[in-house]
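Written below as C-alpha cells is the structure these notes are about.
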Amino acid sequence: MTIHCEMVRDHMHELVFDELDSETRAQMVEHVTQCADCALEHARWSLDLAAIGPAWEVEPPEHVAALLRRKVERAFVPWWGRALAMMRQPVPAYGVIAAFVIPLVLWSVARPPVPPPHAPVSDSPLSAAPTPDVATVGEVPPPRVVGYDARSIVPAPVF
Amino acid sequence: MPAVGPPSSSDEALLIALRGGELTAFDELYRRWARRLYGYVLRHVGDTVVADDLFQDVFVTVLRDRSYDPTRGRFAAWLFALARNRCLDWRRASERRAHRTADLPEELAEELPVRTIAAIDDPEETLARDQQGRTVRAAIAGLPEAQRQLLILKQVGGLTYREIGELHGIPEGTVKSRLHAAVSAFRRALTGEPR
C-alpha cells in the first residue's frame, strides 16, 4: 500500500504517540524519511508535544520527599533491615570517642577499693580480717579468708 | 512519552524489587515519576498543602497495594489512575463544602510555585524555559476539560489509548478522536493560529 502525504498528516498524532500497528508505522516512517515536508511536520508535532511534559512537571518539596521516603521505608523494609542499614552507616567521631570514654568512666567508678599498702599480711591462712578502724570497734568484722589452701591445714590426729 | 530511566529496569521490575525490601528501587521510581505526579496533582487541585498530602498518599497507596500485580499492568497507568481518582474525590468534597470556588482553567494558566528549574544554572536558559513553559501551560489551559485531561494523561502520564479509555470509561476510538482534536487545538493555541 502506498502512503500519501495527506494520509500521513491524518495519522501524524498516532505516529508521535506511538499508537500505530507495526506495519502502518513502518510504512509511515518510510514515507517520513523520504518526504521533506512530512519530516518537517513530524518534527514540529514531536517538539510541540514533547514540551507538555516538562511544562507540567513540578519538583516536590524536600520535606515531602523525605517524609514519603520514611513512609516507604517503614512499609517495605523490615525492622531488622533498618537496624542493619543503621549499623552500616559511617560511625561519627563522637561515637568512637564515646565508645572508649564511657567504658573507662564506668570502670573507674565501679572499680573495687585498693587495700592500703600498710595492711598486715599474714602467712596464716585464716588470718584475713583487716585491723578494724576506730569507728568499727565493737562490731564483728565479716570473716575474710585470704590465701586459703586446704592442703596446708594439718589434719587432727585420730585417736 | 516513554518513561525516563534505564530500559533494563522497568517500573514494574522496580516495584517488585521494592516489595522485596530494596529501597533503592523506590529511589529510582521516585526519580522517574515524582515530578510528573506532583505536577499533575498540584495542577489538578491548585493547592500546595493538599497536593503534598495527595501526592504522598497516592505514591504510598500504589506501592503498598497488593491488588496491583506488576506483571500484568503498567505502573504508570495505575499511578495516574489513582492520582486522578483521588484528585477528583478531593475536588468533589471541596465543592460540597464550598471551601474552594476558584475556576480551575484559570488556575492552570497561573504560575504555580514551580520548583523544576532549580538545577539550571544559566539564567537565560532558565528564562527561556520558563517562558516556554508558560506558553505551553496557557495553551493547555485553553482546552476544554475533557480534552485537557486526555492530553495530560497521554503526555505526562504516558498512558496508552487503551489505558485512558479504561480509566475514563470510554471506547478507545473515542480517546483517539478526542486526543486528535485536543492536539490540534493545542498546537493552534501554541502557534497562535485562529481556530
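Reminder, nothing fancy here: chain letters follow the sequence lines and each chain counts from 1. No experiment lies behind these values; they were computed from the predicted model shown.
Considering every non-hydrogen atom in both B:Gln56 and A:Leu67, the closest pair reads OE1-CD2, 3.4 Å. Contact record, A:Leu68 with B:Phe55: CD2-CE2, 3.9 Å, taken as the closest heavy-atom pair. Here the closest heavy-atom approach between residue A:Ala51 and residue B:Gln132 is recorded as CB-NE2, 3.9 Å. Considering every non-hydrogen atom in both B:Val156 and A:Gly53, the closest pair reads CG2-CA, 4.4 Å.
The distance from the CD atom of A:Glu57 to the CH2 atom of B:Trp33 is 10.0 Å, given to the nearest 0.5 Å. Here the CD-CG distance, from A:Glu19 to B:Leu179, works out to 8.5 Å after rounding to the nearest 0.5 Å. Atom OG of B:Ser177 is separated from atom NE2 of A:His13 by 8.5 Å, given to the nearest 0.5 angstrom. For the atom pair CD1 of A:Ile52 and CD1 of B:Ile152, the computed distance is 6.0 Å after rounding to the nearest 0.5 Å. The distance from the CG atom of B:Leu190 to the CZ atom of A:Arg44 is 12.0 Å, given to the nearest 0.5 Å.
No continuous path of ILVMFWY side-chain contacts below 4.5 Å connects B:Val60 to B:Ile16, so the two sit in separate hydrophobic clusters. No chain of hydrophobic side-chain contacts below 4.5 Å, direct or via other Ile, Leu, Val, Met, Phe, Trp or Tyr residues, connects B:Val49 to B:Val45. B:Leu167 and B:Ile170 fall within the same hydrophobic cluster, defined by Ile, Leu, Val, Met, Phe, Trp and Tyr side-chain heavy atoms under 4.5 Å apart, directly or through other members.
A salt bridge is defined here as a Lys NZ or Arg NE, NH1 or NH2 lying under 4.0 Å from an Asp or Glu carboxylate O, and A:Glu59 with B:Arg31 fails to meet this definition.
B:Arg35 has its side chain out of reach of A:Val58: every pair of non-hydrogen atoms, C-beta onward, lies at least 4.5 Å apart.
Heavy atoms closer than 4.5 Å to chain A are found in the side chain of B:Asp27, but not in its backbone. For a residue to count as touching a neighbouring chain, one of its non-hydrogen atoms must lie under 4.5 Å from one of that chain's; by this rule B:Phe26 touches chain A with the side chain only. Neither the backbone nor the side chain of B:Leu37 comes within less than 4.5 Å of any heavy atom in chain A.
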Verdict with reasoning, A:Leu49 to B:Arg187, per side chain to side chain contact (heavy atoms under 4.5 Å, CB included) = CA-CA 8 Å; A:Leu49 289 175; B:Arg187 294 190 71 226; 5.6 Å; no

Please test B:Lys154 against A:Glu14 for salt bridge (Lys or Arg N to Asp or Glu O under 4.0 Å), starting from the C-alpha separation and ending with a verdict.
-> CA-CA 11 Å; B:Lys154 183 69 190 162; A:Glu14 289 174 278; over 6 Å; no

Give the C-alpha distance, both sets of side-chain angles, the deciding distance and a yes or no for side chain to side chain contact (heavy atoms under 4.5 Å, CB included) between B:Tyr30 and A:Val72.
-> CA-CA 11 Å; B:Tyr30 185 88; A:Val72 171; over 6 Å; no

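By number of non-hydrogen pairs under 4.5 angstrom with chain A, the leading residue of B:Lys176, B:Arg162, B:Arg64, B:His180 is B:His180. Taking A:Val16, A:Val64, A:Asp18 one by one and counting their heavy-atom pairs under 4.5 Å with chain B, the maximum is reached by A:Val64.
Ring planes of B:Tyr161 and A:Phe17: perpendicular class, angle over 60° (limits at 30 and 60°).
A cation-pi arrangement, defined by a distance under 6.0 Å to the six-membered ring centre and an angle within 45 degrees of its axis, is present between B:Arg43 and A:Trp56.
Environment of CD in A:Glu23: sparse, with no more than 12 heavy atoms of neighbouring residues, nucleotides or ligands closer than 6.0 Å.
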